[in-house]
Trainee: 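Sharing a structure below in structure tokens format, with a few things to ask.
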Amino acid sequence: MSEWLAGRLSDWFAVHGRDLPWRREGTTAWGVLVSEVMSQQTPVSRVAPTWTEWMARWPDPAKFAAASQADVLRAWGRLGYPRRALRLHECAAAVVSLHGGRVPDELADLLALPGVGTYTAAAVAVFHYRRRHAVVDTNVRRVVARFAAGHADAGAATTSADLRAAAALLPEGDARAADFSVALMELGALVCTARKPECGRCPIAERCRFKASGAVLPPGPSRRPQRYHGTTRQVRGRIMALLRETTEPVTRVQIEGLWHEPARREEALTGLITDGLVEAVPGDRFRLPH
DNA sequence: TATGCGTGGTA
DNA sequence: TTACCAAGCAT
């Protein structure tokens, strides 16, 4: 089964795989790591332009670690979840101090880096170092749940069972397993999508248990919808947007103009300060951290 | 294990 | 228009 899968996916990927900038020849391990962190919960189409500028400005961990937090947060722009930018900054410093500026190739070393979890560690080890590990993101979990178990979707959170199920499908050989992992993820992103799987275009449909059972998706949202409007997250987003576009510290009055509810406003501001995304300066003013 | 954390495209 | 959701991580 693994060999059949690997063959089908490899052929499909050769024709349909996207030409993403970080997949091009010569991309460093650091470049792959940056692309993975940027892509955590942010669509790839929005990541690409920022990644290209980012790598031209800070080509390696040492140069990036030397940048100020404010510059990093401004360059992050509107990718969302700016805490990721700070974790990436810490990550670069750790790569320099612990690994001499070289992104490690061992899973355990990668996992110990700030902002790097199970998925991202495996992605770097496999996509750049070409190791044989399961790379399990939401796309892979969905494809495996459908293909191997016949379920309409995977569970809410990644479980060790998900990791085992994906690992069981890996073909033999480091290089083939790495190619397989890239292609499996791409299939989930392009064909076996959450809302509208296109089984007619799927290279592995003939052995898919979900397809065999009719490929019927349950109605309604696949997960509990996450609210945004009116949340602290929205207010944090407005404060960060204001701070990104101003060089001088902003006054409390300026921040008060961003949201009408004082309690929500304060919660957002103190949260940002706690997270290290905002710095209070004398005179009751605020700016991006330096 | 459940929750909080941004943003903008799409139907 | 509103609502869903897109390569997770940390707590």
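Small disclaimer: the values here were computed from a predicted structure and weren't measured. Lettering follows sequence order; numbering is per chain, from 1.
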Trainee: Can you confirm whether or not the ring centre of A:F210 sits under 6.0 Å from the ring centre of A:H151?
Mentor: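 No; A:H151 has its ring centre 6.0 Å or more from that of A:F210.
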Trainee: Can you name the one residue among A:V72, A:L73, A:D275 that meets side-chain contact (heavy atoms from CB on, under 4.5 Å) with A:L86?
Mentor: A:L73
Trainee: Could you state the atom-to-atom distance from CG of A:L272 to P of B:dG4 in whole Å?
Mentor: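 Whole-Å distance recorded here is 16 Å.
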Trainee: State, with a plain yes or no, whether a side-chain heavy atom of A:R8 is found less than 4.5 Å away from one of A:E206.
Mentor: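 SC-SC contact between A:R8 and A:E206 confirmed.
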Trainee: With sugar-phosphate meaning primed atoms plus P, OP1 and OP2, does A:W22 contact a base, only sugar-phosphate, or nothing at under 4.0 Å between heavy atoms?
Mentor: base
Trainee: Strictly below 4.0 Å: does A:R78 bring a side-chain N or O up to OP1 or OP2 of B:dG8?
Mentor: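 It does, given that an N or O in the side chain of A:R78 lies less than 4.0 Å from OP1 or OP2 of B:dG8.
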Trainee: Indicate, with a heavy-atom threshold strictly under 4.0 Å, whether A:V116 touches base, sugar-phosphate, or nothing.
Mentor: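 Sugar-phosphate contact only.
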Trainee: Quantified in whole Å, what is the P atom distance between nucleotide B:dG8 and nucleotide C:dC9?
Mentor: 23 Å
Trainee: Between A:R176 and A:D179, does any NZ, NE, NH1 or NH2 come within less than 4.0 Å of an OD or OE carboxylate oxygen?
Mentor: no
Trainee: How would you label the contact of A:R236 with the nucleic acid (heavy atoms, under 4.0 Å): base, sugar-phosphate, or nothing?
Mentor: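 Here A:R236 touches the backbone only, sparing every base.
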Trainee: For B:dT10 and C:dA7, measure between their P atoms and round to the nearest Å.
Mentor: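 Their P atoms lie roughly 15 Å apart.
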Trainee: Is the phosphate of B:dT7 approached by A:Y228 (side-chain N or O, under 4.0 Å from OP1 or OP2)?
Mentor: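 Yes.
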Trainee: Over how many whole Å does the gap from A:Q234 atom CD to B:dC5 atom C1' extend?
Mentor: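 Rounded to the whole Å, the gap is 14 Å.
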Trainee: Heavy atoms only, 4.0 Å cut-off, all strands: where does A:T118 land among base, sugar-phosphate and nothing?
Mentor: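 Result for A:T118 = sugar-phosphate.
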Trainee: Starting from C1' on C:dA7, measure out to CE on A:M185 and report it in whole angstrom.
Mentor: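 One finds 4 Å between C1' of C:dA7 and CE of A:M185, rounded.
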Trainee: Whole angstroms only, please: what is the CD-P distance between A:E90 and C:dC9?
Mentor: 15 Å
